[in-house]
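Just below is one structure, and these are the notes that go with it.
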Amino acid sequence: MKCRPILVDDSLRELTQHGTPDFPLSMDRQVVADPDHGGVRHWHPELQIALVTEGEVLFRTEDGDFRLGAGEGFFVNSGVLHEAAPTEKDDGVYVCVNFLPDLLCGQSDGVIRRDYVDPVLYAPALRSFPLTDQPWHREICALLGQMQAAEEAGAYGYEMELVALLCRIWHLLVIHHRPEIEGRSSVSFADRQRIRALQTYIHRHYREPISLGDIAGAGHVS
């Protein structure tokens, strides 16, 4: 696994390329006691999910300082200033996954991007947060460990395995932040279900005469 310095421009944007245009995901191992890796304040358009693998790491964002130990993780949204710094123990190592949202949903204006990706990118409550004590936090950290193992093994098809694991992580993030995400969506999940019921009814009966009463009945979601 790569161990690369964090280089920034005048705007503090990280200059390191994360992945490639045809696979916009990278995984790096960072040793925070190394001044090229730790204590460098920066941002990038990619989202980042990190897993502390050794010692302690102090993650800093505008949302606060978070001291995390081995087995704990951290989420940083796109464009959020952050840094990982050593603690007095000076022994922290973490693995970070950096990826563009296109990897989750493609570039089209589909339902996944519209309802489950873009609302996360623009939700103030989801700028950054630790993954520590909740059961779903631990599940995400375990999945990050599986991503690390898959990337290091580099077996045939490992890119597909990385994307599958990342989608499972994203699903956990989404279902456990539904209020914040639906607050950023123009249409609620209940309304989408109602519209789907209408579309299904019309598709099944489009050759038959349909009354307004039929449509009202099909659109009722209990």
Side-chain angles (χ1 to χ4, degrees), residues 1-19 25-101 120-149 151-152 162 165-166 168-170 172-174 176-177 180:
M1 183 170 291
K2 299 176 292 295
C3 188
R4 300 183 292 185
I6 300 174
L7 305 174
V8 301
D9 63 15
D10 292 341
S11 72
L12 300 183
R13 174 173 177 165
E14 186 178 0
L15 299 173
T16 305
Q17 182 178 356
H18 297 295
L25 179 149
S26 69
M27 296 188 68
D28 298 292
R29 180 180 181 270
Q30 303 294 76
V31 181
V32 293
D34 187 325
D36 289 334
H37 299 165
V40 181
R41 195 163 182 80
H42 64 285
W43 65 274
H44 37 69
E46 296 86 0
L47 298 106
Q48 181 180 105
I49 308 178
L51 174 69
V52 180
T53 57
E54 300 176 34
E56 285 186 344
V57 178
L58 182 65
F59 287 94
R60 291 175 171 153
T61 72
E62 294 178 2
D63 300 307
D65 294 352
F66 306 90
R67 180 189 293 249
L68 304 178
E72 297 179 324
F74 199 73
F75 172 85
V76 181
N77 213 323
S78 172
V80 173
L81 275 172
H82 62 284
E83 65 180 283
T87 68
E88 66 278 0
K89 294 186 177 182
D90 207 34
D91 62 354
V93 178
Y94 69 99
V95 170
C96 58
V97 180
N98 296 286
F99 62 96
L100 289 176
V120 174
L121 299 180
Y122 301 111
L126 301 179
R127 289 171 46 83
S128 64
F129 54 87
L131 300 162
T132 53
D133 56 346
Q134 298 296 318
W136 66 274
H137 290 179
R138 292 191 287 272
E139 188 173 353
I140 287 178
C141 290
L143 291 167
L144 288 170
Q146 292 180 42
M147 290 187 72
Q148 178 185 2
E151 200 274 343
E152 290 176 345
L162 291 178
L165 291 167
L166 185 61
R168 289 174 63 187
I169 289 172
W170 196 261
L172 286 166
L173 289 173
V174 166
H176 289 283
H177 290 95
E180 296 92 335

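- Pro101 and Leu121 make their closest contact through CG-CD1, 4.1 Å (heavy atoms, listed as atom of the first residue, atom of the second, distance).
- For the pair Arg29 and Glu54, the salt-bridge criterion is met [side-chain N within less than 4.0 Å of a carboxylate O].
- The one candidate from Leu100, Leu166, Asn98 that meets the side-chain contact (heavy atoms from CB on, under 4.5 Å) condition with Leu25 is Leu166.
- Looking at every heavy atom in both residues, Gly73 comes nearest to Leu68 through O-CD1, 3.1 Å.
- Residues Asp91 and Gly55 share a closest heavy-atom pair of OD1-CA, 3.4 Å.
- Considering all non-hydrogen atoms of both residues, Cys141 and Leu131 come closest at SG-O, 3.9 Å.
- Nearest heavy-atom pair, Ala84 versus Val57, reported as atom, atom and distance to 0.1 Å: CB-CG1, 3.8 Å.
- Checked by atom type and distance alone, the side chain of Gln48 never pairs as donor or acceptor with a backbone atom of Asn77 at under 3.5 Å.
- At least one donor-acceptor pair closer than 3.5 Å links the side chain of His42 to the backbone N or O of Val40.
- Remark: aromatic rings of Phe75 and His82 are distant, center separation not under 6.0 Å.
- Looking at every heavy atom in both residues, Arg127 comes nearest to Val80 through O-CG2, 3.7 Å.
- For Arg67 and Glu88, the salt-bridge test passes: some basic side-chain N is under 4.0 Å from an acidic carboxylate O.
- Proximity of the aromatic rings of Phe74 and Phe59 is defined here by a centroid distance below 6.0 angstrom, and this criterion is met.
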